[in-house]
Novice: 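Before I ask anything, here is the structure I am working with.
Just so we're clear, the structure is a prediction, and the values are computed from it rather than from any experiment.
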Amino acid sequence: MIILSKTVIITGGGSGLGLALAREYNKTYNVYLVGRNEKKLEQAVQSFTHSENKVSYKVCDVTNYEQTESILQSIFQSENVHLLINNAGMGVFEPLENLSKTDITGMLETNVYGTIFPTKIAFPLFKKQGFGKVMNIISTAGLRGKVNESVYCASKFAVRGFTESLVKEWDGSNIYPTAVYMGGMDTPFWDESTHIADRSRLKSPEQVASLIVEQDDNRPEIFIDR
């Protein structure tokens with residue numbers, strides 16, 4: 001059933017998996033892209049040329065609690081929000097000894113705070129609506145440790161624990177948290193990295209987005225890869 005009045009919010013929505021998810025969900029829902037880079041968001045919105053449903057964007061740094069609170073409250077005031085997808089992420093793939101303090105804090109702030117802050121802010125807004133969904137994009141880095149991914153995996157394990165706890169904490173609330181686990185994808189995420197030698201073996205973000213939407217039925221976990 002097409003519900004034209006409902007909206008999906010996607011953080012890190014300007015490119016990669018975020019944008020691919022936006023294209024999939026926009027077939028049924030209005031979409032709000034959230035990200036730091038206004039130019040990228042503008043280009044993303046302009047690329048939706050034949051959409052019957054609305055596509056909008058808001059510039060927001062999800063590691064900034066006050067900014068995130070202001071942006072999400074404004075969206076919830078004007079939209080009937082169906083789903084929040086916490087997709088914003090950052091990865092630096094090096095041996096631990098080579099990581100700078102900025103690398104470490106950047107990953108923890110973007111991947112952990114950038115998931116916890118929007119979720120915490122959205123929960124009472126969903127509660128007021130009487131229904132809602134939060135989808136946290138984690139990756140297989142939240143399932144096992146990997147070489148040159150120690151801090152990245154630590155951040156993703158944190159989000160896994162956070163999401164698994166919310167499944168129990170929100171039980172019976174009519175608000176559904178979902179953890180999503182997938183392997184690496186051929187996206188701009190790897191443009192500045194040599195960590196993946198052969199990107200051709202990776203799934204496309206479009207393939208992964210299609211599989212996620214297919215399995216989005218309020219289940220607590222979606223496994224694209226293990």
Novice: If Ile, Leu, Val, Met, Phe, Trp and Tyr residues are connected whenever their side-chain heavy atoms lie under 4.5 Å apart, and connections chain through other members, are Ile212 and Leu83 in the same group?
Specialist: yes
Novice: Looking only at heavy atoms, which two atoms of Thr68 and Val62 are closest? And how far apart?
Specialist: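 Looks like OG1-CA, 3.3 Å.
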Novice: Just checking, any donor-acceptor pair under 3.5 angstrom between side chains of Asn218 and Lys133?
Specialist: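 Yes, because at least one side-chain N or O of Asn218 sits under 3.5 Å from a partner of the opposite role on Lys133.
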Novice: Heavy atoms only: give me the nearest Gln129-Val81 pair and the separation to one decimal.
Specialist: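 Taking Gln129 first and Val81 second, the nearest heavy atoms are NE2-O, 2.8 Å.
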Novice: So, for Ser47 and Ala44, which heavy atoms are closest and what is the spacing to 0.1 Å?
Specialist: OG-O, 2.5 Å
Novice: How are the rings of Trp170 and Phe123 set to each other: parallel, tilted or perpendicular (split at 30° and 60°)?
Specialist: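 Because their plane-to-plane angle is under 30°, the rings of Trp170 and Phe123 count as parallel.
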Novice: Linking I/L/V/M/F/W/Y whenever any side-chain heavy atoms sit under 4.5 Å apart, do Leu143 and Val112 land together?
Specialist: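 No, no single cluster joins them.
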Novice: For the residue pair Thr140 and Lys146, what are the closest heavy atoms and their distance?
Specialist: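 Closest pair (atom of Thr140, atom of Lys146, distance): OG1-NZ, 2.7 Å.
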Novice: Relative to each other, are the rings of Tyr181 and Phe223 parallel, tilted or perpendicular (30° and 60° limits)?
Specialist: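 Plane angle under 30°, so parallel.
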Novice: Grouping I, L, V, M, F, W and Y whenever their side-chain heavy atoms are under 4.5 Å apart, do Met182 and Ile10 come out in a common cluster?
Specialist: yes
Novice: Would you indicate whether the side-chain heavy atoms of Thr119 and Asn136 approach each other to under 4.5 Å?
Specialist: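 Yes - at least one pair of side-chain heavy atoms lies under 4.5 Å apart.
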Novice: Would Leu19 and Val59 show up in the same hydrophobic cluster when neighbours are defined by side-chain heavy atoms closer than 4.5 Å?
Specialist: yes
Novice: Is it true that Tyr65 and Tyr113 have ring centroids separated by less than 6.0 Å?
Specialist: no
Novice: Where is the tightest heavy-atom contact between Gly145 and Cys153, given as atom of each residue plus distance?
Specialist: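 For Gly145 and Cys153, the tightest heavy-atom pair comes out as CA-SG, 4.0 Å.
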